Amino acid sequence: MHTILITGGAGFIGSHLTRLFVIKYPNYNIVNLDKLTYAGNLENLKDVENDPNYTFVKGDITDLAFLRELFATYNFTGVLHCAAESHVDRSITDPLAFIHTNVLGTASLLQAAKENWNGNYDNKTFYHISTDEVYGSLGAEGFFYETTAYDPRSPYSASKASSDHIVRAFYHTYHFPIKISNCSNNYGPYHFPEKLIPLCIHNILNNKPLPIYGKGENVRDWLYVEDHVRAIDTIFHNGKIGETYNIGGHNEWTNIDLVKELCKQMDEKLGREKGSSEKLITYVTDRAGHDLRYAIDATKLKNELGWLPSLQFEEGISKTIDWYLANAQWLQHVTSGNYQQYYSKQYGV
Ligand code: NAD
Ligand code: TYD
């Protein structure tokens with residue numbers, strides 16, 4: 001019987017990962033540890049919150065004393081570490097919050113696991129979920145490989161790079177059983193509407209401007225979130241200890257082309273006149289230090305573990321828009337801040 005700790009399970013990717021594990025592995029106990037920052041929303045997990053193998057614990061990954069108690073209580077055999085500050089623009093205005101959570105939080109979690117496992121690493125895994133942004137910014141050509149030297153350029157990516165280094169240091173120094181994956185940009189249901197795709201869906205619905213940084217020429221490599229968590233499941237169970245795996249779907253879009261595709265599909269779905277949403281596109285001042293292009297080579301994951309993405313982008317975007325249209329209340333709660341009352345209603349504190 002495994003008891004697995006998922007950190008940040010109330011966030012975007014963490015909630016998909018938690019749902020997958022709770023449903024797919026009824027013989028695992030899944031503990032979701034989340035601080036419920038602005039990005040953590042328990043409404044993301046309403047459908048599994050009463051499942052017998054699921055427990056939610058509110059807490060902070062930077063609190064080592066709390067983590068020691070948590071590990072002593074549950075004796076986890078695995079950790080899937082998603083908790084982080086994740087939005088580049090917020091890292092530009094408040095870098096210390098990112099260094100605190102992403103660097104100190106990851107180090108504290110490693111330390112608590114190491115103390116609890118106490119050198120007995122059989123059947124134990126500490127899986128650190130990271131981003132392709134640690135590799136820096138590409139020009140028009142080339143890809144990020146697992147061997148690409150780190151070159152982070154935003155406070156967010158620098159804090160994630162630091163955490164990756166600390167995770168690897170535990171492996172090399174203590175033979176601590178780690179795995180790392182670095183994934184490209186995710187999209188899909190339950191994405192907080194501060195990131196490009198859900199922000200634009202929300203703004204199109206409300207006839208508000210669609211802010212495009214700079215000329216909209218920056219390129220991102222988009223992966224449907226359910227494909228990402230399937231890859232994490234594969235690596236967690238079949239990947240090698242000490243290894244890093246890149247995750248991505250070879251799906252590069254300039255921001256402007258992506259937003260135009262969104263506008264096109266939303267016009268069709270909302271029965272609006274062709275071209276009407278595109279009129280909302282508004283070019284705004286570029287992001288400071290805006291990375292030009294990200295592109296992942298995920299050949300290692302394909303060749304060694306057989307993982308492939310399942311969805312084409314146009315299909316994934318269509319599913320995503322349909323989800324937002326069918327879940328107007330979720331979006332309304334998130335944009336009004338009401339979701340933050342859900343915890344006290346659900347847990348009575
Ligand atoms: P998110 O911002 O949606 O969720 C982060 C979660 O972590 C939230 O639930 C938040 O409450 C929780 N959290 C924050 N600080 C905490 C703390 N101190 N203690 C406990 N919980 C805390 O982020 P996301 O987009 O789901 O990203 C999850 C992970 O995946 C991150 O590590 C991120 O770097 C990585 N990642 C994200 C993407 C992407 O496109 N979103 C791509 C690749 C990798
Ligand atoms: P984002 O969703 O913030 O992800 P990341 O910065 O981690 O890649 O942004 C995706 C791209 O969209 C990025 O190039 C910045 C751009 N962008 C805009 O043009 N306008 C916006 O309002 C936002 C949030 C992002």
Side-chain angles (χ1 to χ4, degrees), residues 6-18 32-42 44-45 57-63 66-67 80-92 97-98 100-102 104-106 108-109 128-134 137 154 156-157 159-161 163-164 180-188 190-200 203 209-223 225 228-229 231-232 246-248 253-256 258-259 281-287 289-294 296 340 343:
I6 299 183
T7 70
F12 168 48
I13 295 168
S15 61
H16 286 275
L17 186 61
T18 302
N32 168 16
L33 162 65
D34 200 295
K35 184 180 172 184
L36 300 183
T37 67
Y38 80 93
N41 181 358
L42 287 175
N44 297 358
L45 288 167
V57 177
K58 189 175 183 200
D60 189 333
I61 56 161
T62 66
D63 182 346
F66 158 77
L67 291 175
L80 289 161
H81 176 36
C82 289
E85 289 291 342
S86 70
H87 188 40
V88 173
D89 292 325
R90 287 181 189 254
S91 84
I92 293 169
F98 282 67
H100 185 71
T101 295
N102 299 356
L104 190 65
T106 302
S108 304
L109 201 59
H128 177 61
I129 284 115
S130 193
T131 166
D132 62 352
E133 302 192 25
V134 298
S137 180
S154 74
Y156 164 65
S157 55
S159 68
K160 290 297 290 185
S163 64
D164 292 11
I180 298 178
S181 56
N182 297 85
C183 189
S184 59
N185 285 61
N186 283 215
Y187 70 99
Y190 302 108
H191 206 182
F192 195 84
E194 65 182 356
K195 306 274 170 75
L196 181 67
I197 290 178
L199 178 89
C200 288
N203 287 9
L210 308 176
I212 305 293
Y213 298 158
K215 294 183 180 151
E217 287 167 350
N218 302 65
V219 174
R220 295 294 181 264
D221 181 359
W222 294 94
L223 184 69
V225 62
H228 183 194
V229 300
I232 295 173
N246 278 353
I247 308 173
W253 287 73
T254 61
N255 293 336
I256 189 63
L258 183 155
V259 171
I281 290 175
T282 309
Y283 291 94
V284 299
T285 309
D286 207 355
R287 170 186 282 173
H290 196 172
D291 288 342
L292 178 65
R293 175 172 165 258
Y294 303 144
I296 275 276
Q340 282 169 326
Y343 175 75

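Just so you know, these numbers use all the heavy atoms, side chains as well, and skip hydrogens, waters and symmetry mates. Everything quoted here is computed from the prediction, not taken from an experiment. Counting starts at 1 for both ligands and their atoms, in listed order.
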Which option, Tyr283, Trp253, Tyr187, Tyr213, owns the non-hydrogen atom nearest atom 21 (C) of ligand 2? Tyr213
Would Ser184 count as a contact of ligand 1 if the rule is a heavy atom under 4.0 Å away? yes
Using distance alone, determine whether Ser86 and ligand 1 share an N or O pair under 3.5 Å. yes
In Å, rounded to the nearest 0.5 Å, how long is the span from CG of Asn32 to CD1 of Ile6? 7.0 Å
Heavy atoms only: which of Thr131, Val259, Leu258, Asn185 is nearest to atom 4 (O) of ligand 2? Asn185
Take every heavy atom of Gly105, measure it against each atom of ligand 1, and state whether any distance is under 4.0 Å. no
For ligand 2, is there an N or O atom under 3.5 Å from any N or O atom of Tyr294? no
Just to check, does Thr7 reach to within less than 4.0 Å of ligand 1 when the distance is taken from its heavy atoms? no
Proximity flag Gly9 to ligand 1, non-hydrogen atoms under 4.0 Å: no
Provide, to 0.1 Å, the distance between atom 32 (O) of ligand 1 and the closest protein heavy atom, together with that atom's residue and name. Lys160 NZ, 2.6 Å
Out of Thr37, Asn182, Asp60, Leu109, who is nearest to atom 14 (C) of ligand 1 when you count heavy atoms only? Thr37
Side chain, backbone, both or neither: which applies to Thr101 and ligand 1 if a contact is any heavy-atom pair less than 4.0 Å apart? side chain
For ligand 2, is there an N or O atom under 3.5 Å from any N or O atom of Trp222? no
Thr131 neighbourhood, listing ligand 1 atoms whose heavy-atom distance to it stays under 4.0 Å: 43 (C), 44 (C)
Look only at interatomic distance and state if Leu196 has a nitrogen or oxygen under 3.5 Å from any nitrogen or oxygen of ligand 2. yes
Within less than 4.0 angstrom of ligand 1, does Tyr156 place any heavy atom? yes
Which atom pair, heavy atoms only, marks the closest approach of Pro193 to Pro198? CA-CB, 3.7 Å
Does the cation-pi check pass for Arg220 over Tyr187, that is, NZ or CZ under 6.0 Å from the six-membered ring centre and within 45° of its axis? no
Does an N or O from Glu194, backbone or side chain, lie closer than 3.5 Å to an N or O of ligand 2? no
For atom 38 (C) of ligand 1, which candidate among Thr62, Ile13, Asp63 provides the closest heavy atom? Ile13
In short, Asp89 meets Arg287 closest at the heavy-atom pair OD1-NE, 2.7 Å
Just by distance, no angles: are the side chains of Ser184 and Asp132 close enough, under 3.5 Å, to form a donor-acceptor pair? no
